[in-house]
2 protein chains.
Amino acid sequence: MSTYSVGQVAAIAKVTVRTLHHYDEIGLLSPGGRTPAGYRRYEDADLDRLQQILFYRELGFPLEEIAAILDDDSVSPTEHLRRQHQLISARITHLQELAAAVEHAMEAQKMGISLTPEEKFEVFGADYQESWESEAEQRWGNTDAWQQSQRRTARYDKADWQRIKAEMDSLNSRLVEVFSAGSAPDSAEAMEAAEAHRQHISDNFYDCTYEIHRCLGAMYLSDPRFTATYEDLAPGLAQWLHDAILANAASH
Amino acid sequence: MSTYSVGQVAAIAKVTVRTLHHYDEIGLLSPGGRTPAGYRRYEDADLDRLQQILFYRELGFPLEEIAAILDDDSVSPTEHLRRQHQLISARITHLQELAAAVEHAMEAQKMGISLTPEEKFEVFGADYQESWESEAEQRWGNTDAWQQSQRRTARYDKADWQRIKAEMDSLNSRLVEVFSAGSAPDSAEAMEAAEAHRQHISDNFYDCTYEIHRCLGAMYLSDPRFTATYEDLAPGLAQWLHDAILANAASH
DNA sequence: CTGCTGCCTCACGTCGCGTGAGGGTCAAGT
DNA sequence: ACTTGACCCTCACGCGACGTGAGGCAGCAG
């Protein structure tokens with residue numbers, strides 16, 4: 001198995017040595033080993049990873065996010081390639097739209113027509129990272145909350161997700177506890193639990209105002225997926241949680 | 001004629017207020033006017049300019065370069081659009097190559113084959129040639145020579161380029177010949193070759209005065225790209241050609 | 001006249017490197 | 001055995017294109 005020095009890798013991948021140093025510094029790409037003198041030695045696997053990194057970089061992903069994507073070992077290499085292909089296609093369509101817009105502008109110019117301000121900027125709106133989880137996006141559209149959540153969660157690594165999962169579990173068991181004790185949705189404990197729930201979302205996903213929290217509560221009843229998880233914990237819990245959220249929101 | 005506040009422009013163009021402030025700071029986009037209270041007021045012309053800025057930004061140009069491009073009033077709006085379209089197309093082809101490379105990688109993976117390191121990074125080398133063109137523009141910027149060259153070469157087709165390439169090759173081999181024979185830069189043959197070089201440029205690109213030819217000679221030494229091509233033909237040739245050009249210019 | 005929203009100007013923080021400075025390493029030639 | 005030159009190392013500061021408050025004026029609504 002052959003290994004490569006920084007300079008060699010830099011030459012092959014057409015990046016600078018400094019870039020490789022940087023990737024090592026931030027832990028994005030650390031060489032497989034070092035010589036006794038401290039020289040970095042990259043292995044074939046490192047080259048593979050570098051290639052992946054450059055792909056995602058080319059598509060405009062921040063390095064931290066790339067690290068998160070690549071370190072998520074629940075995704076197979078094949079799956080990665082599929083994703084990349086999808087992302088590239090999305091990007092291409094976006095550029096084609098841009099090209100079409102330019103043509104449009106040329107037409108308009110030749111005819112001496114001027115476009116409305118909104119028309120001029122239409123094409124820039126499309127945040128090309130769509131296509132990906134468009135399911136949730138359809139519902140929440142381009143609300144600020146959703147976008148904020150996207151930005152934040154993109155950076156989370158496995159440990160973060162584990163912590164969040166654990167917090168959610170403890171929140172849920174607290175809910176079940178209060179609910180099973182027979183407390184009314186507008187009791188102090190119920191409202192406290194609802195507030196904790198809201199706080200958890202604010203901390204980890206997006207600024208969850210009382211307004212938004214109310215919407216969430218409604219969704220726990222209307223969206224079968226959510227209803228299922230709560231009803232699974234305890235029958236009647238979805239409705240109760242919904243009421244508790246309303247009560248808590250009203251009290252603030 | 002309506003005007004817009006920063007916030008309004010930000011909303012229309014989907015950029016942040018801070019971005020507009022920044023563009024104002026660096027002089028890339030200053031609003032047409034201000035209210036007595038110091039509030040920025042953008043006019044329709046400013047929106048047009050902003051649109052152009054965003055186009056070029058999307059294509060990865062640094063802001064300083066964008067300013068240079070847009071402030072070059074020798075370029076008509078139509079010409080701008082033509083350029084943009086060209087740039088977008090180039091970018092699309094590049095991405096399509098990337099996509100093809102991904103497909104290639106998928107194939108290889110399915111077959112259990114592993115690619116050579118060089119193969120893996122081939123596509124990234126396609127450092128799209130437009131960058132050099134714009135770089136040259138920065139240096140030679142709005143000199144008449146550059147513009148003349150642009151106008152003329154725009155109409156050249158493949159056959160023209162082939163002819164020019166052939167002529168250049170024969171000129172270069174003549175240079176190498178004279179140089180390798182040990183002739184001094186101020187010998188008759190050397191000066192003749194230099195003169196032929198100048199003539200070729202005048203015929204195909206722009207009126208190359210002796211003055212300009214001298215500058216070119218200097219650039220063959222100062223610009224690594226040119227130095228490389230001549231040094232590649234024969235070590236020491238760059239310096240020698242430079243001297244020959246000077247001698248030839250002096251004799252006229 | 002109080003509050004709210006939008007605008008202003010500093011001014012420091014961030015990301016992805018570029019660019020030396022100062023110094024060790026190692027194969028090749030003399 | 002010694003020198004040279006290419007390559008490597010680790011700091012550490014700089015830069016472009018903004019993000020993100022802090023502190024304060026402007027203008028209107030109730």
Side-chain angles (χ1 to χ4, degrees), chain A residues 3-42 46 50 53-70 124 127 144 147-148 150-152 154-155 206-207 209, chain B residues 3-42 46 50 53-70 124 127 131 134-135 138 224:
Chain A
T3 82
Y4 312 83
S5 70
V6 261
Q8 288 171 333
V9 175
I12 295 174
K14 282 147 193 166
V15 296
T16 67
V17 170
R18 176 66 177 110
T19 299
L20 293 175
H21 283 176
H22 184 56
Y23 291 172
D24 191 3
E25 270 175 37
I26 64 172
L28 176 55
L29 177 69
S30 304
R34 297 245 186 171
T35 70
Y39 285 25
R40 275 163 256 251
R41 301 264 62 178
Y42 291 87
D46 297 328
L50 178 54
I53 292 172
L54 294 183
F55 263 115
Y56 283 113
R57 188 185 71 167
E58 181 91 17
L59 292 169
F61 284 80
L63 298 185
E64 209 174 336
E65 209 164 310
I66 296 178
I69 295 173
L70 294 182
F124 292 111
D127 213 356
D144 295 340
Q147 285 174 25
Q148 192 181 12
Q150 280 294 82
R151 277 201 306 278
R152 287 220 232 157
R155 301 234 157 110
Y206 49 85
D207 297 331
T209 62
Chain B
T3 82
Y4 312 83
S5 72
V6 263
Q8 288 171 334
V9 174
I12 294 174
K14 284 146 193 166
V15 296
T16 67
V17 170
R18 175 65 176 111
T19 299
L20 294 174
H21 283 177
H22 185 57
Y23 291 172
D24 191 2
E25 271 176 39
I26 64 172
L28 176 56
L29 178 68
S30 304
R34 298 245 186 171
T35 70
Y39 285 25
R40 275 163 256 252
R41 300 267 62 179
Y42 291 87
D46 298 327
L50 177 55
I53 292 172
L54 294 183
F55 262 116
Y56 283 112
R57 190 185 70 168
E58 179 93 16
L59 292 169
F61 284 79
L63 299 185
E64 208 175 334
E65 207 164 312
I66 296 178
I69 295 172
L70 294 183
F124 295 110
D127 217 0
S131 67
S134 55
E135 198 179 313
Q138 264 203 340

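As the structure is a prediction and not an experimental result, all values here were calculated from the model. Computation of the quantities below employed the complete heavy-atom set of this structure, encompassing side-chain atoms and omitting hydrogens, waters and symmetry-equivalent molecules.
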S.K.: Are any of the side-chain heavy atoms of Leu20(B) and Arg40(B) separated by less than 4.5 Å?
M.R.: no
S.K.: Starting at atom OH of Tyr56(A), determine the distance to atom P of dC15(C), rounded to an integer number of angstrom.
M.R.: 21 Å
S.K.: Please name all residues satisfying side chain to side chain donor-acceptor pair (under 3.5 Å) with Ser5(A), sequence neighbours left out, ordered by chain then number.
M.R.: none
S.K.: What is the distance, rounded to the nearest whole Å, between atom CD1 of Ile53(B) and atom P of dC18(D)?
M.R.: 10 Å
S.K.: Give the rounded distance in Å between these two atoms: CG of Leu29(A) and P of dG16(C).
M.R.: 15 Å
S.K.: Tell me: NE2 of His22(B) to C1' of dC10(C), nearest whole Å?
M.R.: 15 Å
S.K.: For dG16(C) and Arg18(A) - does any side-chain N or O of the residue sit under 4.0 Å from the phosphate oxygens OP1/OP2?
M.R.: no
S.K.: Is the shortest side-chain N/O distance from Tyr23(B) to OP1 or OP2 of dA17(D) below 4.0 Å?
M.R.: no
S.K.: By nearest nucleotide on DNA chain C, pick out whichever of Thr19(A) and Thr35(A) is the more 5' one.
M.R.: Thr19(A)
S.K.: Could you walk me through whether Leu63(A) and Tyr23(A) pass the side chain to side chain contact (heavy atoms under 4.5 Å, CB included) check?
M.R.: CA-CA 9 Å; Leu63(A) 298 185; Tyr23(A) 291 172; 3.5 Å; yes
S.K.: Rounded to the nearest 0.5 Å, how far apart are CZ of Phe61(B) and CD1 of Ile69(B)?
M.R.: 5.0 Å
S.K.: To the nearest 0.5 Å, tell me how far Ile66(A) CD1 sits from Leu59(A) CG.
M.R.: 9.0 Å
S.K.: Could you run down the sub-3.5 Å N/O contacts of the protein with nucleotides 5-9 of chain D?
M.R.:
unit_1: dC8(D); atom_1: OP1; unit_2: Ser5(A); atom_2: OG; d: 2.7
unit_1: dC8(D); atom_1: OP1; unit_2: Gly7(A); atom_2: N; d: 2.9
unit_1: dC9(D); atom_1: OP1; unit_2: Arg40(A); atom_2: N; d: 2.9
unit_1: dC9(D); atom_1: OP1; unit_2: Arg40(A); atom_2: NE; d: 2.8
unit_1: dC9(D); atom_1: OP2; unit_2: His21(A); atom_2: NE2; d: 2.8

S.K.: Whole Å only: how far is the CD1 atom of Ile26(B) from the P atom of dC15(D)?
M.R.: 15 Å
S.K.: Could you check how far NZ of Lys14(A) sits from C1' of dC17(C), rounded to whole Å?
M.R.: 20 Å
S.K.: Expressed in angstrom and rounded to an integer, what is the separation of Glu64(A) atom CD from dC17(C) atom C1'?
M.R.: 15 Å
S.K.: Are OP1 or OP2 of dC17(C) and a side-chain N or O of Thr16(A) less than 4.0 angstrom apart?
M.R.: no
S.K.: For a 4.5 angstrom cut-off between non-hydrogen side-chain atoms, does Leu50(A) reach Tyr42(A)?
M.R.: no
S.K.: Under 4.5 Å between any side-chain heavy atoms of Val15(A) and Arg57(A), yes or no?
M.R.: yes
S.K.: What is the distance, to the nearest angstrom, from the CG atom on Leu20(B) to the C1' atom on dG19(D)?
M.R.: 14 Å
